[in-house]
Trainee: 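Quick one: this structure, given as structure tokens, is what I'll be asking you about.
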Amino acid sequence: MMFRPRALRDRRRCGALPVLCAAAALLCRPAAGPAVAAEAGLVPVEAVVPAARDVDADLALAGTVQARVQSNIAFRVDGKVSERRVEVGQHVAADQVLATVDATEQHANVDNARAAVTAAQALLVQAEATFKRQQSLIASGYTTRASYDQAQETLNTARAQVEAAEAAFNTAEEQLSYAELRAGQDGIVVSRSVEAGQVVQAGQTVFVLAQDGPRDAVFEIPEALLTTPPRDDAVDIALQADPKVTAVGTVREVSPILDAASSTVTVKVGLRGPATGMALGAAVVGRGRFERQTAVVLPWSALFEAEGRPSVWVLDDQDRVSLQPVSVKSYATGSVVLSGGLDGSRRVVTAGVQLLYPGQKVAVVKGNLP
């Protein structure tokens, strides 16, 4: 019996069974890694087969605290601003003077009106004296009825002139008071648009005042979120700088206008009770309670933009990539929730999408890409 080396026997066995040997070689080959893919001249990528799963729909969005009522403060008269007494961010009282205009013209009008009142009162005194004389003379028959009637008419006219002069004087004094701009309500000055020396017109906004009282948390909500009603109307609010400072709010207003630039809708959440610790302009996080839904969730690194639309790279059986448009339902921390575009039958590239082009052959690696 001739002895044959084991290696020779193995070679003959493999020569007799080439298909089985090739299959065994493929099965025994270690998983490709980034280095192996690079040596083969292929772009290494990571991929997963997407599957729908239950998604917690309690979404957190960033917003700001704003006053429920903001009023524009303006002068009622034209004039040159002589003094501005408050700064942005300052809290003011309802009767506090915020600014003044040059009141030289208003003072002159008051003086003229006061002089007119004095003159009218002098004419009234004279008319009253004349009427009293005519009244005594007609009783004794020493005057005519016509003279008496004329004296009475003069008296009535003098009285009316006094009333008109006093009304004009009151109006002039009121116009003089308009030279001082008062807040009208307690609140915080959030903006100003004038400086001393500037000429303003009546009705021109000078300050914007955030009135004390109820506060709103204002959010810019993606339009897609409005298609699904929340589980209840309560929204949990937390101060971004200090999550321990919390409040509960209720959706108070949803804007009917969509922001064309950001595709968002402004939603105002009224805070219940005093917003202790939440100052105007403070950044807050609101968490709405929605029903759990089934959706496809992918890592944010899988998302790609093509022709202005969100897309993902999908793989065929030959590991060649192509773009697949998708619909994004919402964005979460580190992931994106899709509402359509994938049926779960094709693999999706989740890492390494930056260097891909349609039809490119890639190497799917098991290890994490650097």
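Below, each value reflects all heavy atoms present in this structure, side chains not excepted, and no hydrogens, waters or symmetry copies.
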Trainee: Are the side chain of Glu173 and the backbone N or O of Asn170 linked by a donor-acceptor pair below 3.5 Å?
Mentor: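 Checked: no pair found.
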Trainee: Tell me whether the count of non-hydrogen atoms from other residues, nucleotides or ligands lying under 6.0 Å of CD in Gln135 goes above 12.
Mentor: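 More than 12 heavy atoms, drawn from other residues, nucleotides or ligands, come within 6.0 Å of this atom.
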Trainee: State which residues pass ring pair (Phe, Tyr, Trp, His ring centres under 6.0 Å) with Tyr148; sequence neighbours excluded, sorted by chain then number.
Mentor: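 So Tyr148 forms a ring pair (Phe, Tyr, Trp, His ring centres under 6.0 Å) with Phe131.
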Trainee: Within a 6.0 Å radius of atom CD on Glu105, are there more than 12 heavy atoms belonging to other residues, nucleotides or ligands?
Mentor: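 No - once you tally the heavy atoms of other residues, nucleotides and ligands closer than 6.0 Å, there are 12 at most.
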Trainee: Is any side-chain heavy atom of Met278 closer than 4.5 Å to a side-chain heavy atom of Val245?
Mentor: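 Heavy-atom side-chain distance check passes, below 4.5 Å.
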Trainee: When clusters are formed by joining ILVMFWY residues with side-chain heavy atoms under 4.5 Å apart, either directly or through shared neighbours, do Val86 and Val190 land in the same one?
Mentor: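 No; Val190 is not reachable from Val86 via cluster members.
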Trainee: Would a distance-only check, ignoring hydrogens and angles, find a side-chain to backbone donor-acceptor pair under 3.5 Å from Asp78 to Ala202?
Mentor: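 Checked: pair present.
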Trainee: Evaluate the side-chain proximity of Val349 to Val314: yes if any heavy-atom separation is below 4.5 Å, no if none is.
Mentor: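 Side chain of Val314 against side chain of Val349, heavy atoms only: no contact under 4.5 Å found.
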Trainee: Using distance alone, with no hydrogens and no angle criterion, decide if Ser147 and Gln134 have a side-chain donor and acceptor under 3.5 Å apart.
Mentor: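 Their side chains do not contain a donor-acceptor pair, so the 3.5 Å distance test is not met.
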Trainee: Between Thr266 and Glu220, do the side chains contain an N or O donor and an N or O acceptor separated by less than 3.5 Å?
Mentor: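 There is such a pair between these side chains.
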Trainee: Could you check if a side-chain atom of Glu174 sits within less than 4.5 angstrom of a side-chain atom of Gln106, using non-hydrogen atoms only?
Mentor: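 Glu174 vs Gln106: side chains apart.
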Trainee: Under 3.5 Å, is there a donor-acceptor pair between the side chain of Arg252 and the main chain of Val269?
Mentor: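 A pair under 3.5 Å: no.
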Trainee: Any non-hydrogen side-chain atom of Leu298 less than 4.5 Å from a side-chain atom of Val312?
Mentor: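 Leu298 reaches Val312 side chain to side chain.
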Trainee: Verify whether one side chain among Thr350 and Ser301 offers a donor that lies under 3.5 Å from an acceptor in the other.
Mentor: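 No donor-acceptor contact under 3.5 Å links the two side chains.
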Trainee: Please report the C-alpha distance between Arg347 and Asp319 in whole Å, then the side-chain angles of each, then the deciding distance to 0.1 Å, and finally whether the salt bridge (Lys or Arg N to Asp or Glu O under 4.0 Å) criterion is met.
Mentor: CA-CA 9 Å; Arg347 294 170 295 168; Asp319 289 343; 2.7 Å; yes
Trainee: Check whether more than 12 heavy atoms from other residues, nucleotides or ligands sit under 6.0 Å from atom CD of Glu153, and answer yes or no.
Mentor: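 Not more than 12 within 6.0 Å, no.
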Trainee: Strictly distance-based, threshold 3.5 Å: is any side-chain N or O of Gln96 a donor or acceptor partner for the main-chain N or O of Ala93?
Mentor: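 Answer holds: yes.
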Trainee: Kindly say whether Thr118 contributes a backbone atom to a donor-acceptor pair with the side chain of Gln121 at under 3.5 angstrom?
Mentor: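 Side chain of Gln121 to backbone of Thr118, a donor-acceptor pair under 3.5 Å: no, none is there.
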Trainee: Measuring from atom CG of Leu181 to atom CZ of Phe75, what distance do you get when rounded to the nearest 0.5 angstrom?
Mentor: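 Going from CG on Leu181 over to CZ on Phe75, the span is 4.5 Å.
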Trainee: Where the side chain of Asp316 meets the backbone of Arg320, is there a donor-acceptor pair that is under 3.5 Å apart?
Mentor: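 Yes.
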Trainee: Ignoring hydrogens and angles, tell me if any N or O in the side chain of Gln90 forms a donor-acceptor pair with the backbone of Glu87 under 3.5 Å.
Mentor: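 Judged by distance alone, yes, a pair lies under 3.5 Å.
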Trainee: Any donor-acceptor pair under 3.5 Å linking the side-chain atoms of His91 with those of Asp186?
Mentor: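 No - no donor-acceptor pair under 3.5 Å links their side chains.
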Trainee: A side-chain contact here means heavy atoms from C-beta on lying under 4.5 Å apart; do Arg215 and Leu271 qualify?
Mentor: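 The answer is yes; the side chains approach within 4.5 Å.
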Trainee: Is any side-chain heavy atom of Gln70 closer than 4.5 Å to a side-chain heavy atom of Leu209?
Mentor: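 The answer is no; the side chains never approach within 4.5 Å.
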Trainee: Quick one: does any side-chain atom of Gln324 pair with a main-chain N or O of Gly341 as donor and acceptor, under 3.5 Å?
Mentor: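 Yes; at least one donor-acceptor contact below 3.5 Å.
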Trainee: Please determine which of Arg68, Lys268, Arg272 meets the salt bridge (Lys or Arg N to Asp or Glu O under 4.0 Å) test together with Asp216.
Mentor: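 Considering Arg68, Lys268, Arg272, a salt bridge (Lys or Arg N to Asp or Glu O under 4.0 Å) with Asp216 is found only for Arg68.
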Trainee: Tell me, do Thr154 and Gln152 make a side-chain contact under 4.5 Å, heavy atoms counted?
Mentor: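 Of all side-chain heavy-atom pairs linking Gln152 with Thr154, none is under 4.5 Å.
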Trainee: Any side-chain heavy atom of Val364 sitting closer than 4.5 Å to one from Leu315?
Mentor: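 In contact.
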Trainee: Output yes when a side-chain donor or acceptor of Lys361 lies under 3.5 Å from a complementary backbone atom of Gln318, and no otherwise.
Mentor: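 Yes, the answer is positive, given that a donor and an acceptor are paired below the 3.5 Å cut-off.
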